[in-house]
Amino acid sequence: MIPAAGLGTRVLPATKAMPKEMLPIVDKPAIQYIVEEAVRSGIEDILIITGRGKGIIEDHFDRAPELEAALAKPGKEKALEECLGIAGLANIFFVRQKQTLGLGHAVLMAKPFTGSDPFVVLYGDDVIMGEDPCAAQLCRAYEAYGRAAVGIKEVSAEDIVRYSSMKAAPIRDNHYLIDDMIEKPAPGREFSMFSILGRCLLTADIYPILEHTKPGAGGEIQLTDAMAELARTAGVTGVDFTGKRYDMGNKLGVMQAQVETALAHPEIGPAFRAYLKGLAGSL
């Protein structure tokens with residue numbers, strides 16, 4: 001499931017009329033990269049939690065008969081194939097979160113969709129680029145240990161107070177046993193510099209915990225608070241994932257995603273690299 005109901009206040013005014021999940025990274029909106037990651041991980045059914053004013057997300061993954069008709073002409077074959085491919089990426093469903101009560105509340109809305117099955121949460125404002133999809137790395141960790149898993153990375157002391165902090169003990173390779181965590185820790189209260197960044201695989205055990213989780217940081221139902229209880233009782237696997245994460249709810253993160261993706265883009269990469277080299281010489 002992809003929670004995508006947030007307001008995107010950190011990237012205003014661009015998000016006044018456009019969801020942050022639809023901010024373009026070269027020629028695709030951010031949320032398409034996230035859906036493609038899920039598909040590359042073997043996931044076929046995707047639930048996107050949206051909110052008011054985010055119907056454009058549904059439109060993007062729907063068929064567009066008028067556009068398709070305009071592209072059904074000689075020379076437009078590639079563009080038509082790309083448009084049809086977006087609509088056929090996966091079985092995509094949508095539910096609207098009528099009140100933005102926090103990530104924990106958004107995940108709880110997925111209960112009728114996931115039932116008793118484990119499921120991956122791909123945060124709607126976190127794009128992770130890499131050869132090995134982050135969601136697939138979590139799926140393998142679940143298969144190895146049979147418990148919930150979270151994608152973690154070490155962050156700076158300045159950033160840890162804005163994210164979460166993991167109490168992590170090494171298992172092997174890039175896997176850790178997490179038996180506690182804290183959301184937005186005050187300075188000095190951190191367990192470690194490891195924080196959850198954008199991905200987690202949860203089991204149905206999280207739902208009864210979320211149902212009695214009280215509002216935490218920011219007055220919202222924090223998913224981290226529920227996962228902390230799960231970690232203390234059953235343990236959670238931390239996966240120090242490979243791949244580069246871009247925070248699309250942050251102006252600098254948006255620009256980093258744009259530039260680095262453009263450099264690797266097969267169509268404009270070489271020309272953009274030459275442009276940047278020329279620009280750098282004038283700075």
Side-chain angles (χ1 to χ4, degrees), residues 1-35 37 48-58 60 94 96-107 109 121-130 134 150-166 181-187 189-190 193-200 215-225 227 241 243-262:
M1 62 88 67
I2 302 173
L7 297 175
T9 54
R10 290 183 296 153
V11 283
L12 282 168
T15 51
K16 183 176 182 290
M18 175 189 289
K20 65 180 182 295
E21 296 84 6
M22 290 299 294
L23 291 173
I25 303 177
V26 185
D27 52 3
K28 291 191 289 189
I31 197 167
Q32 184 174 332
Y33 288 92
I34 298 171
V35 168
E37 177 194 328
I48 301 178
I49 307 293
T50 66
R52 184 175 177 274
K54 299 213 174 189
I56 188 175
I57 297 176
E58 296 186 43
H60 180 71
F94 297 89
R96 176 174 287 196
Q97 186 182 24
K98 295 180 175 63
Q99 294 178 283
T100 51
L101 300 178
L103 181 56
H105 178 260
V107 170
M109 293 185 67
V121 181
L122 302 97
Y123 298 14
D125 50 7
D126 283 307
V127 173
I128 299 177
M129 307 280 199
C134 184
V150 293
I152 60 173
K153 280 290 181 189
E154 287 189 288
V155 301
S156 68
E158 296 171 348
D159 286 338
I160 197 77
V161 297
R162 298 189 294 111
Y163 296 140
S164 57
S165 177
M166 307 290 105
M181 63 184 76
I182 183 172
E183 177 73 9
K184 295 181 172 63
R189 293 196 62 200
E190 309 92 346
M193 291 298 113
F194 274 118
S195 182
I196 300 172
L197 292 185
R199 302 290 183 269
C200 52
E220 298 181 337
I221 299 173
Q222 296 291 342
L223 179 61
T224 304
D225 292 343
M227 288 196 292
F241 61 87
K244 178 71 178 287
R245 174 248 187 184
Y246 301 98
D247 181 359
M248 295 301 292
N250 175 285
K251 292 175 183 178
L252 179 59
V254 171
M255 293 310 302
Q256 289 170 334
Q258 289 273 11
V259 171
E260 294 178 27
T261 302

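Along the sequence shown, residues are numbered consecutively beginning with 1.
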>> Just to verify, what does T224 make a side chain to side chain donor-acceptor pair (under 3.5 Å) with, not counting sequence neighbours?
In response: E183

> Rounded to the nearest 0.5 Å, what separation is found between the OG1 atom of T50 and the NZ atom of K98?
Replying inline: 9.5 Å

> Of the non-hydrogen atoms in P19 and G53, which two are nearest, and what is the gap between them?
Replying inline: CG-O, 4.0 Å

>> Just to verify, what does P29 make a side chain to side chain contact (heavy atoms under 4.5 Å, CB included) with, not counting sequence neighbours?
In response: M22, Q32, H60

> Which one of I196, V150, I182 satisfies the side chain to side chain contact (heavy atoms under 4.5 Å, CB included) criterion with S164?
Replying inline: I196

>> Could you report the tightest heavy-atom contact between M248 and K20, atom names first, then the distance?
In response: O-CB, 4.1 Å

> Looking at residues at least two apart in the chain, or sitting in another chain, which of them share a salt bridge (charged side-chain N to carboxylate O under 4.0 Å, His left out) with R10?
Replying inline: D247

> Between CD1 of I2 and CG of D126, what distance do you get to the nearest 0.5 Å?
Replying inline: 11.5 Å

> Looking at residues at least two apart in the chain, or sitting in another chain, which of them share a side chain to side chain contact (heavy atoms under 4.5 Å, CB included) with K251?
Replying inline: V11

>> I'd like to check the side chain to side chain donor-acceptor pair (under 3.5 Å) partners of D27; sequence neighbours left out, ordered by chain and number.
In response: H265

> Who passes side chain to side chain donor-acceptor pair (under 3.5 Å) against K16, sequence neighbours left out?
Replying inline: none

>> As an exercise, state the distance from CZ of R189 to CD1 of I160, rounded to the nearest 0.5 Å.
In response: 13.0 Å

> So, Q97 side chain and A4 main chain: donor-acceptor pair closer than 3.5 Å or not?
Replying inline: no

> CD1 of I57 to CD1 of I49: how many Å apart, nearest 0.5 Å?
Replying inline: 11.0 Å

> Which pair of non-hydrogen atoms, one from C134 and one from R199, has the smallest distance, and what is that distance?
Replying inline: SG-CG, 3.5 Å

